[in-house]
Amino acid sequence: MAIPFAPSRGAGAANLRWSVLLPPLLLALLLARPSAALVEGLYCGTRDCYEVLGVSRTASKAEIARAYRQLARRYHPDRYRPEPGEEGPGRTPQSAEEAFLLVATAYETLKDEETRKDYDYMLDHPEEYYRHYYHYYSRRLAPKVDVRVVVLVSVCAISVFQFFSWWNSYDKTISYLATVPKYRIQAMEIAKQQGLLRKAKEKGRNKKSKEEVRDEEESIIKNIIKSKIDIKGGYQKPQIRDLLLFQILLAPFHLCSYIVWYCRWIYNFNIKGKEYGEEERLYIIRKSMKMSKSQFDSLEDHQKETFLKRELWIKENYEVYKQEQEEELKKRLANDPRWKRYRRWMKNEGPGRLTFVDD
């Protein structure tokens, strides 16, 4: 009876070793790069920058600059005149321009200490192919302007835009309030008491046209509204300290203040068990309502007094208040004719239909 061929244990182990070693070897062959020091696309390409300028690797900055000026005058496209019997690069205007660019590239490479160090390292270690590419393009593509200057200019520009945008919103708010009868009448009464409107209607040599008198009266009314009305929230008078630039400058101070405040809070109320003051109670209420400081400050004083009377800083009381507000909102929506029409439309038509109704 014939016995089928069975490989020996040693042959199987050898095959296993080759199967493990073969992928890394193939990867190494694929990633292999020529070990030549001069690579096309880096610095002076396949030419040595020192040979292009005709200097040695130990040449000083002054020697490199002097060699560059001589070659630049010689191969400048506008001044180049080939000499009879001249050989080598630069025998035609086109080749002279190429030689001039090569000389300029060599000088740019060798005049900077850091770039020259990278170039010398490439000459001494040609096998580190990817490192040379990284250093070359990282310096070539690096921004010429200091990043700190760019950030500072950007922050200043944003701050200027913020200020003028907020001031424009504030002016529009004052102009709107000047058209509201309640505020306009009060402002006119104050202006009459102070005699400001009489000054606007002076007669004689200083007599003004109707348009000038109207504009001056409007300006007086707006100034009174600005001085008497405390606008809060997003339309309040812009403050310098609210700009982005000053917020960044004051950030360390605010951070330290918050840490001190937080430590005092823990010590006074968590450790010593003191009762909350009015400011602390309003803070807890604001956090429970998930409102920002500016939003909470824009609320009326009587609303804050209601919050304090109902003791909303206590979690159970706030949950009851929240439930009452939700119920009240449901009642208002139930009695709102627009909400009724919307619910009726959702029930009959649904959100996925497109209908045309002829009135």
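Computation of the quantities below employed the complete heavy-atom set of this structure, encompassing side-chain atoms and omitting hydrogens, waters and symmetry-equivalent molecules.
Side-chain atoms of Y50 and D120 include a donor-acceptor pair closer than 3.5 Å.
Cluster membership check: Y267 shares its hydrophobic cluster with Y258, using side-chain heavy-atom separations under 4.5 Å among Ile, Leu, Val, Met, Phe, Trp and Tyr. Note on V151: it clusters hydrophobically with I158, by side-chain heavy-atom contacts below 4.5 Å among ILVMFWY residues. Cluster annotation: L308 and Y321 are assigned to the same hydrophobic cluster (Ile/Leu/Val/Met/Phe/Trp/Tyr, side-chain heavy-atom contacts under 4.5 Å, transitive). Under the 4.5 Å side-chain heavy-atom criterion for grouping Ile, Leu, Val, Met, Phe, Trp and Tyr, L282 is connected to Y262 within one hydrophobic cluster. Residue I314 is grouped with residue M291 when hydrophobic side chains (ILVMFWY) are merged at heavy-atom distances under 4.5 angstrom, including chains of intermediate members.
A donor-acceptor pair under 3.5 Å is formed between the side chain of N317 and the backbone N or O of E311. Side chain of E280 to backbone of G277: a donor-acceptor contact under 3.5 angstrom is found. Side chain of S159 to backbone of L245: a donor-acceptor contact under 3.5 angstrom is found. In this structure, H125 contributes its side chain and H132 its backbone to no donor-acceptor pair below 3.5 Å. Although no hydrogens or angles enter the test, the distance criterion places a donor-acceptor pair under 3.5 Å between the side chain of S288 and the main chain of I284. Side-chain atoms of Y75 never come within 3.5 Å of backbone atoms of L102 as a donor-acceptor pair (strictly under, hydrogens ignored). Distance alone, capped at 3.5 Å, is enough to place a donor-acceptor pair between the N223 side chain and the S219 backbone. Under a 3.5 Å cut-off, the side chain of R281 and the backbone N or O of W313 do not form any donor-acceptor pair.
Annotation for F269 and E275: closest pair CE2-O, 3.4 Å, computed over non-hydrogen atoms. Considering all non-hydrogen atoms of both residues, Q162 and L244 come closest at OE1-N, 2.9 Å. Of all heavy-atom pairs spanning E128 and R131, the tightest one is OE1-CD, 3.0 Å. Across L110 and R116, no two heavy atoms sit closer than the pair O-CD, 3.6 Å. Here the shortest heavy-atom pairing between I221 and A187 reads CG2-CB, 3.8 Å. The minimum heavy-atom distance linking I225 with A178 is given by the pair CD1-CA, 3.6 Å.
More than 12 heavy atoms of other residues, nucleotides or ligands shown are found within 6.0 angstrom of CD on Q325. Remark: Y121 OH is packed, more than 12 non-hydrogen atoms of other residues, nucleotides or ligands lying under 6.0 Å away. Other residues, nucleotides and ligands contribute over 12 non-hydrogen atoms within 6.0 Å of the CD atom of Q239. Applying the 6.0 Å contact sphere to CD of E279 captures no more than 12 heavy atoms from other residues, nucleotides or ligands.
The aromatic rings of W265 and W261 lie tilted to each other, with the angle between the two planes from 30° to 60°.
For Y170 and W167, the ring centers sit closer than 6.0 Å to each other.
The side-chain heavy atoms of E300 and E305, taken from C-beta on, include no pair separated by under 4.5 Å. The side-chain heavy atoms of I285 and Y318, taken from C-beta on, include no pair separated by under 4.5 Å. Side-chain contact between R69 and R73 is present, with heavy atoms from C-beta onward closer than 4.5 Å. No side-chain heavy atom of Y107 sits less than 4.5 Å from a side-chain heavy atom of V52. Counting heavy atoms from C-beta outward, K287 and K290 have side chains that stay 4.5 Å or more apart. Counting heavy atoms from C-beta on, the side chains of R47 and T105 never come closer than 4.5 Å. Between Y119 and D48 the shortest side-chain heavy-atom distance falls below 4.5 Å.
To the nearest 0.5 Å, atom CD of residue E51 and atom SG of residue C44 are 10.0 Å apart. Separating the CZ atom in R286 from the NZ atom in K304 is a distance of 10.0 Å, to the nearest 0.5 Å. Within the model, atoms CG of L250 and CG of L255 stand 12.5 Å from one another, a figure rounded to the nearest 0.5 Å. Taken from CD1 in I220 to CD1 in I190, the straight-line distance is 13.0 Å, to the nearest 0.5 Å. How far CD of Q70 is from CZ of R74: 10.0 Å, rounded to the nearest 0.5 Å. Atoms OG1 and CD, from T179 and E218 in turn, are 8.5 Å apart once rounded to the nearest 0.5 Å.
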Checklist line | Worked check of side-chain contact (heavy atoms from CB on, under 4.5 Å) between D171 and K226 | finding: CA-CA 10 Å; D171 281 342; K226 287 180 181 179; 4.1 Å; yes
Next item on the list: Determine, step by step, whether K61 and E113 satisfy the side-chain contact (heavy atoms from CB on, under 4.5 Å) criterion, reporting the C-alpha distance in whole Å, the side-chain angles of both residues, the deciding distance to 0.1 Å, and the verdict.
Entry: CA-CA 9 Å; K61 277 189 174 183; E113 289 292 338; 3.2 Å; yes
Next item on the list: Evaluate side-chain contact (heavy atoms from CB on, under 4.5 Å) for D242 paired with Q247, printing each intermediate quantity in order.
Entry: CA-CA 6 Å; D242 295 331; Q247 288 293 314; 4.3 Å; yes
Checklist line | Verdict with supporting geometry, Y68 and K111, side-chain contact (heavy atoms from CB on, under 4.5 Å) | finding: CA-CA 10 Å; Y68 166 70; K111 75 173 184 177; over 6 Å; no
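Using a 4.0 Å cut-off between a side-chain N of Lys or Arg and a carboxylate O of Asp or Glu, E324 and R310 qualify as a salt bridge. Between E328 and R332 a salt bridge is recorded (basic side-chain N to carboxylate O distance below 4.0 Å).
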